[in-house]
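In this text, all values refer to a predicted model and were calculated from it rather than measured experimentally. Convention: sequence-line order gives letters A, B, ...; per-chain numbering from 1.
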Amino acid sequence: MSRVPLDLKSTINLPQTDFSMKANLAHNEPKMLAHWEELRLYERIRESSQGRPTWILHDGPPYANGPIHLGHALNKCLKDFIVKSKTMAGFDSPYVPGWDCHGLPIEIKVDQKLGGKKLKMRPSDVRLECRKYAEKFLELQREQFKRIGVFGRWDKPYSTMTPQYESVVLDTFYSFYEHGFVYKGLRAVYWCLHDETALAEAEVEYENHTSPTVWVKYALADDPAKIDAALAGKKASTIIWTTTPWTLPASMAVAFNPDEEYVAVPNSDSPDEVYIVAARLAERVQQDVKNTLHLDPGAAVARFPGRQLERLNFQHPFLERKVLGVLADYVTMDTGTGVVHTAPSHGQEDFVTGVKYGLDATSNVDGKGILRNGLPEYDGLTVWKANAPIIELLQKRGVLLHTEKIEHSYPHCWRCHNPVIFRATEQWFISMETPMPDGKGGTLRSRTLEAIKKVKWDPAWGEERISNMIATRPDWCISRQRIWGVPIAVFLCEGCGKPLNDPAINRKVVGLFAKSGADAWYTPEADTLLPAGTLCPHCSGTKFKKEMDIIDVWFESGSSHAAVLGHEPNLPWPADLYTEGGDQHRGWFHSSLLCAMGTRGEAPYRMVATSGWTLDEQGRAMSKSLGNVVDPVDIAGRLGGEIVRLWVASVDFREDVTCSEHLMQRVAENYRKIRNTFRYILGNLHGFDPEKNAVAFADLESIDQYMLRQTCALAADIRRWYDEFEFHKIYQRVNHFCVVELSAFYFDVLKDRLYTYAPNAKGRRAAQTTIWHIGNALARLLAPITSFTSDEFWRYLPGSAARGASVHVTQFPSFGDILGADVPLEDTKQKEDWTTLHAVRDEVLKALEEARTQKLIGGGLEAKVTVSAADPVYSVLKRYEPQLRYLFIVSAATLTQEAQAGGGIKVEVGKADGQKCERCWNYSTHVGEDAIYPTVCERCSAVLKEIEGR
RNA sequence: GCAGGAUUGGCUCGAAGGUCGAGCCCGCGGUCGAUAACCGCGAGGCGUUGGUUCGAUUCCAACAUCCUGCACCA
């Protein structure tokens, strides 16, 4: 009875799967997101994590004023890797994202939008506009973060503009206030006369400006012999140079550089008169003032360091006042006379110097820029108009040595573009030197420095960095003359101006904020909080007004730990980790630390990790004008959110990271390799049911067992690297595993078994069991990074339906999961065998390549090889002899025991004997022996019999 | 100017006081049963200058370039 022969190709078990080779991520990821939403996946993860130890990453709030950029994506992906990996490592690790919503950038944007209208609007209406602006971008950023696969409590994030949050900020402020950390004091700030407002540094732009400059004589009021004996009996003066004559009424000191040499230069018309200027600038000064004064630097009477001039008294050029000689390092020798007129109320450095020497920093310039309390010549004029009469005045008093106009770079208001001035104003401060109220000793500064040591900083240099900053920072100026923020909700006595500090009233204000938000301060409702009959404790005044300054937004975000942590059982205080860009050592890490120290005496975090900056391929910062911006939203839309995630995983985030379109393409290439690994596994698991078809570890082939142990080694590395946040090592290692260990080695070798064996043959089932375990493990190990693809794979993996709806509710695989319970992890002998076999295989492949070059063979199966080796290699090969041809993927491999020169092995390649089997493509001398299938080899003949049930 | 960090094939990374290494890219070839895939072979590098050392890409110092934060231009 004759049979109709089967079509041979149909008897080959080719891979079969709907897991497409083309990911089409841009199209498919949104579907996966919808699926996750439908599953309520984040909530499910929370439920399944209940009761496990918590591990808290507290989110640093991005600023809600634009779409996300690559730095945001880096930040959020890193956090997502950490939270997901902690979750899969067995922790309850909730993630509450947050936003920073108050502050200047939004207020300025809204200002620009409102224009002149703002001045006519009530503050509460301006605040509403700001709120709408922030809300808009909070919404946008939330969707963008979700799009790149970040899991979190997106429907209940924290935001700095909610009543709850605002009340916590105020409560934190009161805690500082009631413990005596807070004081009011003067500080020099940028001031725009036109807009009558203080400006932040960010609001200042340098533009060219023409200023009158003057060289002014300050006569020494003390005995010049104090400086140098040679000056006894002389009439000594010094000369200052300034571009702001209007600040001269506020001149309180003249500054010298302590380490520079100064000289007393005689006036050649009147040799008893000497002028003290810097030695290095004497020639220049001579030229500058030559029209009024004939200095003779060559005839200097004395030379002395600047420090000799400290605390000497000089006569103010036109006021009845002494001016103190002071020392300052910032006095340079590139312009002027080496002597700097110092007005503490009108310059930042001047102010600092003023504090150091106890000088008066009261400003006699009002908010409109008008000089007050001055001489009739200039009193009542604005600073710009006062320059001319003051110069005239100097002339009249005979102290003007020279004047001219110069054009130089000068700070301007970025909105009205008028030149700005420095002005000392009253501000609120937190003192760094206040003793801690908890009785444990130390000051805010010293205790903070101690707390820093208990925190783990990654990279380690962060500790030194933040310590330096805390050690050297001035008191914290926490007030801002702005609207969009949390007000410093304090009542001030209208009589004496002193603030009220009554804890009972403070609590009532916190309660009001918790109910109605900080907006309430801008309504009459706040006034009713003050009980009738409240008296000022300082002057017994009965009338009070509200402080309308707002709190520095860094204080707000620095209070986030108190707003978010410690209120729910699985969100305990303090956080295990804060992680942001390295710029936050001065920003959020810094303010959070101080806020927590002042209120709780402890750091709000156990560990701080920092990431670098995102730069372009040439290492330049990204900017729209350079056109080198990589937009993560755009990448997600074209290449996939997974590619953004994988890029983040690929770089060492601790240093500055580079990115470009080109680099993203490269990452996409690598992604395809990982995807194809998953696809190969799924394709070859067609018809495999792990419940029914799995083969016990002991019955697997040696190579299968070896690969499962390799997978365990991979799992161990990956899990360690997740713990250490070394994601780029995971990326490299997984890439290597997929490309070298699987694709180029194991999967290649496996094809013969998977494709040509009978579907249910034990050897094939063993291979399937192995790749099933590898895929199962790999998907879970990679899930924190390739969250989309791992879950997609999970849905296709046979038997996974029984193990949960998503890979994200599983945990990392244990060695037992991979090998089977009770299988020992180590098998040293097996590992050594395979190390040897690997090395021999490499030699064989090289020999095959040579034979190919010589046109002896084409494909490897056209070849037979003979390997000659001596012990110990020989005996290893001998034990694996029947498998060698499959390992080398040739049609025959024979072995001879023979020592080689140099101790190596010899590989001889020849044309394979026999005919090519049409089915398995191996060459065999037995092709033609099967009557029904005359074109197949003896192995395939047997397989076909099995398939046909013969 | 001050503080901190970085510099390894074209790209991203890893390791180490003893010939550095991996993946990708690139070149050549194979395969045509993972096919917009797969396999093999090959080429290519330690910023500069000194010092310590038997030996330095590694440790030290200076320089250069780049990045971050801070300060400043009277």
Is [X] near enough to [N] that one of its side-chain N or O atoms lies under 4.0 angstrom from OP1 or OP2?
X: A:Gln348; N: B:C72; result: yes
X: A:Tyr755; N: B:A34; result: yes
X: A:Thr677; N: B:A34; result: no
X: A:Lys729; N: B:A22; result: no
X: A:Arg672; N: B:A37; result: yes
X: A:Lys751; N: B:A37; result: no
X: A:Trp241; N: B:A74; result: no
X: A:Ser743; N: B:C39; result: yes
X: A:His728; N: B:U12; result: no

Where the side chain of [X] is concerned, which of [options] is the nearest nucleotide?
X: A:Trp613; options: B:A6, B:G69, B:C73; result: B:G69
X: A:Asp748; options: B:C32, B:C25, B:C39; result: B:C39
X: A:Arg465; options: B:C67, B:A3, B:G40; result: B:A3
X: A:Thr335; options: B:C72, B:G10, B:A74; result: B:A74

Practice item. Please find out if less than 6.0 Å separates the ring center of A:Tyr578 from that of A:Trp588. Key: yes
For the [atom1] atoms, the ones on [N] and on [M], what distance do you get once it is rounded to whole angstrom?
N: B:U58; M: B:A6; atom1: P; result: 14 Å
N: B:G17; M: B:C54; atom1: C1'; result: 12 Å
N: B:C46; M: B:A56; atom1: P; result: 15 Å
N: B:C39; M: B:G33; atom1: P; result: 15 Å
N: B:A22; M: B:U35; atom1: P; result: 29 Å
N: B:C2; M: B:C73; atom1: C1'; result: 16 Å
N: B:C60; M: B:G69; atom1: P; result: 27 Å
N: B:U7; M: B:C11; atom1: C1'; result: 15 Å

Regarding [X], tell me which of base, sugar-phosphate or nothing describes its non-hydrogen contacts under 4.0 Å with the strands shown.
X: A:Thr332; value: base
X: A:Val340; value: base
X: A:Gly859; value: sugar-phosphate
X: A:Phe747; value: base
X: A:Lys9; value: base
X: A:Arg675; value: nothing
X: A:Arg666; value: base
X: A:Glu918; value: base
X: A:Asn735; value: sugar-phosphate
X: A:Gly858; value: sugar-phosphate

Check your understanding: Counting only distance, no hydrogens or angles, is the base of B:A74 paired donor-acceptor with the side chain of A:Thr342 under 3.5 Å?
Key -> no
Study note, to complete from the structure: Separation of B:A15 atom P from A:Gln732 atom CD, nearest Å, is 11 Å
Review point. Do we see a donor-acceptor contact under 3.5 Å between the side chains of A:Thr244 and A:Thr247?
Key: yes
